[in-house]
Protein chains: 2
Amino acid sequence: MSKSAIEGRQRVIEAAAAMLASHGLRGISIREVIKFANAPLGSTYHNFPNGKQQIVTEAVQWAGEQASAQLQACLAQDKENGIQLFLQQWRKRLTKSEFRHGCPIVAAAIEASEEEDAEPVKQAVSTVFAHWQQLLTTHLISLGHAASYAQSLAVAVIACIEGAVVLCRGQQNIAPFDAIIECIPAMLAAKQA
Amino acid sequence: MSKSAIEGRQRVIEAAAAMLASHGLRGISIREVIKFANAPLGSTYHNFPNGKQQIVTEAVQWAGEQASAQLQACLAQDKENGIQLFLQQWRKRLTKSEFRHGCPIVAAAIEASEEEDAEPVKQAVSTVFAHWQQLLTTHLISLGHAASYAQSLAVAVIACIEGAVVLCRGQQNIAPFDAIIECIPAMLAAKQA
DNA sequence: GCTATCTTATTACAGCTGTTATAACAACAA
DNA sequence: TTGTTGTTATAACAGCTGTAATAAGATAGC
């Protein structure tokens with residue numbers, strides 16, 4: 001496989017992830033993704049033998065890893081306020097895109113749930129969510145929380161963030177995100193269930 | 001307009017809301033909704049001159065009112081534990097549908113955001129979210145929270161719930177919902193920001 | 001019963017979708 | 001150079017979509 005072909009393949013995945021975040025799973029077509037990525041349509045099924053399902057699956061995995069890396073960087077940079085750091089970064093991203101850019105994993109989770117031949121997509125979504133939870137749980141334990149409560153807390157924080165992103169998009173307003181930035185510390189302050 | 005026609009119109013709206021919750025905005029077609037509602041296809045543009053956009057808009061409004069009524073009933077029934085009551089009802093609904101049934105408003109919010117001619121849908125989504133927030137805010141104030149913090153808290157609780165629903169669907173597991181049921185009280189316990 | 005209005009069945013359209021087949025092209029090994 | 005392989009352009013497919021027009025049917029008011 002030539003070098004430019006590899007780059008083209010990766011461009012398709014990243015384009016799919018970006019368009020997934022703004023248009024949703026069924027809002028994107030192979031033709032549009034390919035055009036956005038400046039990649040050739042003719043070689044789509046050469047690079048992705050399983051078609052759209054495979055493109056979406058790899059886009060979810062890639063976007064999930066990107067977010068994980070970003071979260072990990074925040075937590076490593078400031079152990080006490082790493083979560084707040086992460087929240088601020090997402091806040092900026094939301095406002096800069098004028099609430100057009102959501103979470104691609106959420107989009108895939110919602111739109112792939114009742115589709116046939118979407119098992120790989122659902123599997124990727126589940127894995128990404130699980131990885132985020134594990135990252136946060138570990139961090140919360142290192143902050144002194146009890147293991148079992150840390151697990152619940154991690155899930156609750158992720159739910160809060162994802163929900164707030166949806167609310168911001170729905171209301172075209174950053175207020176929901178500021179609300180969770182204000183309220184999440186109260187959850188984190190409670191040391192036990 | 002005949003009585004059966006009115007009933008048919010309403011059935012279409014409710015079918016659209018139900019299918020929106022499971023299949024998403026672009027996962028449903030007029031033909032399928034009509035079939036599910038046992039309504040005639042020929043009269044679709046008689047009942048909904050603006051086509052699919054109007055059906056979805058009215059479905060969002062109807063589903064929003066249903067949820068509002070349910071929330072209000074819970075809060076009225078038990079002032080102290082009304083929110084927990086509401087959470088338990090949603091928990092049951094999720095498990096009974098085996099995580100197929102999500103929130104139709106969230107689906108509309110995500111999938112209508114970058115579509116043309118979807119302003120009415122987006123407007124309906126925004127109104128529904130705002131109404132929920134207002135209901136919860138009023139309740140939290142009556143529980144003794146400061147007005148401004150009550151507002152943030154209301155948004156955070158809604159975000160938590162919506163996010164947890166998405167996580168449950170993504171992981172095919174009720175654990176995320178149990179996690180927020182466990183963690184939300186900590187947020188509510190903090191009387192001030 | 002007759003008329004006017006409300007309602008619906010049927011058919012058709014044009015556009016987009018994922019996918020596939022075919023053939024032309026490039027790059028590289030012998 | 002020859003041949004083989006990796007890559008792509010082009011075109012076509014069958015299926016679905018929202019939408020529209022037409023004409024037939026049902027219903028209510030007189």
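Values below: every heavy atom of this structure, side chains too, minus hydrogens, waters and symmetry copies. Proteins get letters first, then strands, A, B, ... in listed order; numbering begins at 1 in each.
- Both G42(B) and S29(B) sit near DNA chain D, but only S29(B) has its closest nucleotide nearer the 5' end.
- Nucleotide dC16(C) holds its P atom 17 Å from the CD1 atom of I34(A), rounded to whole Å.
- Ring-plane geometry between Y149(A) and H145(A) is classed as tilted, the angle between the planes lying from 30 to 60 degrees on a 0 to 90 degree scale.
- Side chain of R100(A) to main chain of S22(A): no donor-acceptor pair is present (N/O by atom type, distance under 3.5 Å, no hydrogens or angles).
- Residue I28(A) is classed as a sugar-phosphate contact, given heavy-atom separations below 4.0 Å to backbone atoms only.
- An OP1 or OP2 oxygen of dT8(D) is reached within less than 4.0 angstrom by a side-chain nitrogen or oxygen of S43(A).
- Protein atom CG of L25(B) is 13 Å distant from nucleotide atom P of dT17(D), rounded to whole Å.
- In this structure, the CG atom of N50(A) is 9 Å from the P atom of dT19(C), given to the nearest Å.
- Summarising the geometry, the separation between NE2 on H46(B) and C1' on dT27(D) is reported as 12 Å, rounded to the nearest angstrom.
- For K52(A), whose side chain is taken as the heavy atoms from C-beta onward, the closest listed nucleotide among dG18(D), dT19(C), dG6(D) is dT19(C).
- For the pair E116(A) CD and dC16(D) C1', the computed distance is 13 Å after rounding to whole Å.
- Counting any heavy atom pair closer than 4.0 Å across all strands shown, I55(A) reaches no nucleic acid atom.
- For R31(A) against dT19(C), a side-chain-to-base donor-acceptor contact under 3.5 Å is present.
- Distances from the side chain of Y45(B) to the nucleotides dC6(C), dT19(C), dG18(D) place dG18(D) closest.
- Q53(B) places a side-chain N or O within 3.5 Å of a backbone atom of D117(B) that can act as its donor or acceptor partner.
- In this structure, the nucleotide among dT8(D), dT8(C), dG18(D) sitting nearest to the side chain of I30(B) is dG18(D).
- Here the CG atom belonging to L87(A) is positioned 5.0 Å from the CD1 atom belonging to I184(A), to the nearest 0.5 angstrom.
- Atom pair Q54(A):CD and dG18(C):C1' shows a separation of 14 Å (rounding to whole Å applied).
- In this entry the distance linking NE2 of H23(A) with P of dT17(C) reads 11 Å, nearest Å.
- The side chain of E32(B) sits closest to dT17(D) out of dC6(C), dG18(C), dT17(D).
- In this structure a side-chain-to-backbone donor-acceptor pair under 3.5 Å is present from S29(A) to E32(A).
- Residue N47(A) contributes atom CG, which lies 12 Å from atom P of dA9(D) at whole-angstrom precision.
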